[in-house]
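Worth knowing before you read on, the calculation uses all heavy atoms, side chains too, and leaves out hydrogens, waters and symmetry mates. Along the sequence shown, the residues carry numbers beginning at 1. We count ligands from 1, going down the list as the structure has it; atoms in each ligand are counted the same way.
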Amino acid sequence: MTVEERGWALPAPGLVWERGHTPFAARFGDIYYSREGGLAESRHVFLDGNALPQAWQNRERFCVAELGFGTGLNFLSTWELWRRTCPPGARLHYIAVEGFPLTREELGECLAPWDELKTLGRALLSAYPEPQRGFHRVFPAVDPGERGAVSLTLLFGDAKEMLGQLEADVDAWFLDGFAPDKNPDMWSAEIFAEMARLSASGATVATYSAAGDVRRGLDAAGFDVTRAPGFGTKREMLRARSRENVVRTTSLQPWFARAPQEPSRGHAAIVGAGLAGAHAAAALARRGWSTTIIDRHPGVAAEASGSPRAVMAPRLTAAPAFDGRFYAAAWRYALADLETPSQDFEHARVGSLQMAVGEDAGRFADMVSTAALPNSFLTHVDAEEASDIAGLSLSHGGLFFPQGGWLQPRGLCAALSRHSEMLLGVEVASLAHAGGRWRIFDAQSRVVAEADAVVLANALGMMRLPEAAALPLAGRRGQVTLAPTTAGASALRTVLLYGGFLTPAYHGLHAIGATFDHVGTDRMDMDVRAEDHVRNLESLARVVPGLFAPSPDLGGFAGVRCTSPDHMPMVGPLPERGVYMEDFANLRHGHPWARYPNARYQHGLYVMTALGARGVVAAPLAAELLACQITGEPWPLERDLVTALHPARFLVRELKRRDI
Ligand code: SAM
């Protein structure tokens with residue numbers, strides 16, 4: 001069954017408490033941990049079993065993967081050890097699969113007995129996502145300064161399917177599914193094959209099970225297995241190490257192959273100081289990269305990201321289609337990202353009310369019944385409830401996102417770029433790659449920056465560079481109207497969305513937006529036009545009449561947003577078009593993958609753009625993905641979503657359509 005057919009919801013494990021103190025999953029007839037020695041067992045089997053902490057000495061980053069996450073006890077025991085013993089500045093990736101997630105409340109109950117893990121447990125609980133199918137990357141941290149040092153990627157869904165969607169280089173595996181005879185799905189040949197595919201060189205495995213089938217299965221998949229003394233009354237457990245001579249398989253189509261990995265710490269030049277560039281810089285800075293942001297304008301966020309108000313609301317789909325899955329993940333990620341306290345910028349988390357206009361009513365009801373986002377993220381409201389929330393009389397109900405609201409992207413961009421060197425007022429005219437480094441030139445052919453990697457985040461501006469000129473980007477002019485508040489509008493308490501948007505008054509002004517007009521890719525079109533104010537007011541008045549009248553006091557802002565033909569962002573390495581079209585000229589014939597070389601990219605050159613009108617929601621997760629692609633870290637999204645965002649996808653579609 002595909003993800004689309006399965007829907008968003010996940011089955012529950014049926015947590016009950018055995019003898020009042022041992023958590024037990026009724027669905028599997030097995031316990032999560034033993035009350036007497038759960039923590040000691042975790043340390044013996046999984047930490048000692050994988051030779052931790054020795055294995056992570058001298059490592060800048062380390063990756064653990066666990067099957068399954070359960071109560072998070074193994075995660076906490078690993079994190080606790082990591083905090084005491086990790087090399088300075090090192091980063092831990094902990095990936096865990098879980099098909100039957102406990103709720104946050106249940107997790108809290110299960111972690112309560114472990115006094116010595118209380119502080120970490122609290123941090124885990126506050127980062128723990130709502131059970132929803134898909135990948136969830138969160139950053140549990142005891143204090144905000146630590147955020148990002150440990151990344152927890154929860155893969156909520158069936159183990160085989162979720163591992164099949166993962167791209168990572170795992171150093172240590174924890175096999176902790178329920179007992180193999182009770183739950184053979186977690187110990188199958190397919191799971192062991194996925195582990196072999198995902199193992200870094202020299203990866204180790206530990207499991208409490210000593211079952212012969214597990215031993216033979218791991219061996220057949222390419223691991224050398226040894227028996228070791230088990231914990232407590234268990235005589236034996238298994239340890240294993242991936243064999244060096246195993247040929248690694250890949251699940252990535254060669255035309256979307258991973259780009260060669262950059263150094264784990266380097267210098268990046270980021271072209272464009274809007275939301276895309278600022279988020280990319282922040283994601284790399286979290287990894288210890290130094291960054292230079294270059295922009296042709298004298299200040300940050302001078303083009304589309306300069307809008308005085310960006311509204312925060314996800315774009316959902318009832319069935320888990322690519323765009324709905326990406327935006328649901330991006331929304332969860334963006335909300336957590338915005339909690340980071342050091343980001344000081346104008347914003348109001350007043351909620352966003354997406355009104356059900358036209359045919360939306362049925363679609364919205366489907367989104368709620370299929371749980372496109374869990375209930376804590378959205379509520380379905382009728383017109384009366386919507387009116388109560390909004391403080392205005394509304395004739396439509398819709399979806400209310402309580403964590404939504406608006407923010408001022410320029411302030412956010414400034415906060416995000418505070419660790420970057422800024423080269424403002426500098427137009428990038430050309431790039432050259434030589435000796436493993438990029439040199440970036442201005443119009444006078446002066447070198448303005450040198451870098452290991454370059455991220456093009458300058459929207460339509462990148463089309464002037466030959467390296468990116470062929471990308472199928474398009475411009476959409478958008479004008480936002482700023483209107484002085486009125487007697488009717490001043491009561492508004494939340495952001496209204498109805499195709500357009502209206503924000504509550506802030507310093508006496510409402511933002512009403514936005515137009516969405518095709519423009520050429522070479523046009524800036526930032527002039528504010530009276531006729532576009534009229535269109536904004538008219539589209540609002542069709543849904544909520546009588547709030548504003550055209551007046552000479554209207555102000556506004558206009559910018560050109562960058563979009564792609566399928567309306568999904570473009571994130572990832574940039575292919576060399578000529579070479580790529582030759583290498584994959586026969587793509588439409590459907591040859592086996594092995595007949596193709598891996599995609600060749602312009603070394604160290606990446607793109608992050610086409611965020612359309614959803615930059616505030618899409619950019620944080622897109623930037624995290626980009627940083628992982630650059631540094632070779634585990635991807636925060638399912639592989640099929642990463643390829644749906646890949647800049648080469650349009651070349652692939654072109655090649656598949658060719659009939660020569
Ligand atoms: N490591 C956990 C801890 O520290 O609390 C305990 C894990 S518990 C023994 C096994 C876990 O595997 C359960 O949480 C269960 O829901 C999960 N699981 C079982 N079968 C699965 C499957 N087919 N796919 C994904 N997860 C599965």
Does the distance from a Lys or Arg side-chain N to an Asp or Glu carboxylate O, for [X] and [Y], drop under 4.0 Å?
X	Y	result
R216	D219	no
D323	R614	no
E624	R286	yes
D366	R363	no
D224	R241	no

Worksheet item: Hey, mind stepping through Y606 and Q629 against side chain to side chain donor-acceptor pair (under 3.5 Å) and telling me if it holds?
Response: CA-CA 9 Å; Y606 296 83; Q629 289 173 316; over 6 Å; no
Can you find an N or O of [X] that's nearer than 3.5 Å to an N or O of ligand 1?
X	result
G99	yes
L67	no
D176	yes
E98	yes
M186	no
E66	yes

Worksheet entry | Residue and atom name of the nearest protein heavy atom (relative to atom 5 (O) of ligand 1), distance in Å to one decimal | T71 OG1, 2.6 Å
Worksheet item: Among protein heavy atoms, which lies nearest atom 23 (N) of ligand 1, and at what distance?
Response: D158 OD1, 3.2 Å
What part of [X], side chain from CB on, backbone N/CA/C/O, both or neither, has a heavy atom under 4.0 Å from ligand 1?
X	result
N183	side chain
A159	both
F69	backbone
K160	neither

Worksheet item: Are Y596 and W255 close enough that their ring centers fall under 6.0 Å?
Response: yes
No-hydrogen, no-angle side-chain donor-acceptor test under 3.5 Å, [X] and [Y]:
X	Y	value
N183	D30	no
W173	S199	yes
S251	R197	yes

Practice prompt. Check ligand 1 against L73 and write out every atom of the ligand that is under 4.0 Å from a heavy-atom position of the residue.
Written response: 3 (C), 4 (O), 5 (O)
Contact between [X] and ligand 1, counting heavy atoms under 4.0 Å?
X	answer
S42	no
F28	yes
G72	yes

Worksheet, complete the sentence: Nearest non-hydrogen contact to atom 4 (O) of ligand 1 from the set L76, N74, V97 belongs to N74
Practice prompt. Assess whether side chain to side chain donor-acceptor pair (under 3.5 Å) is satisfied between T85 and W56, documenting all intermediate values.
Written response: CA-CA 9 Å; T85 63; W56 61 47; 3.0 Å; yes
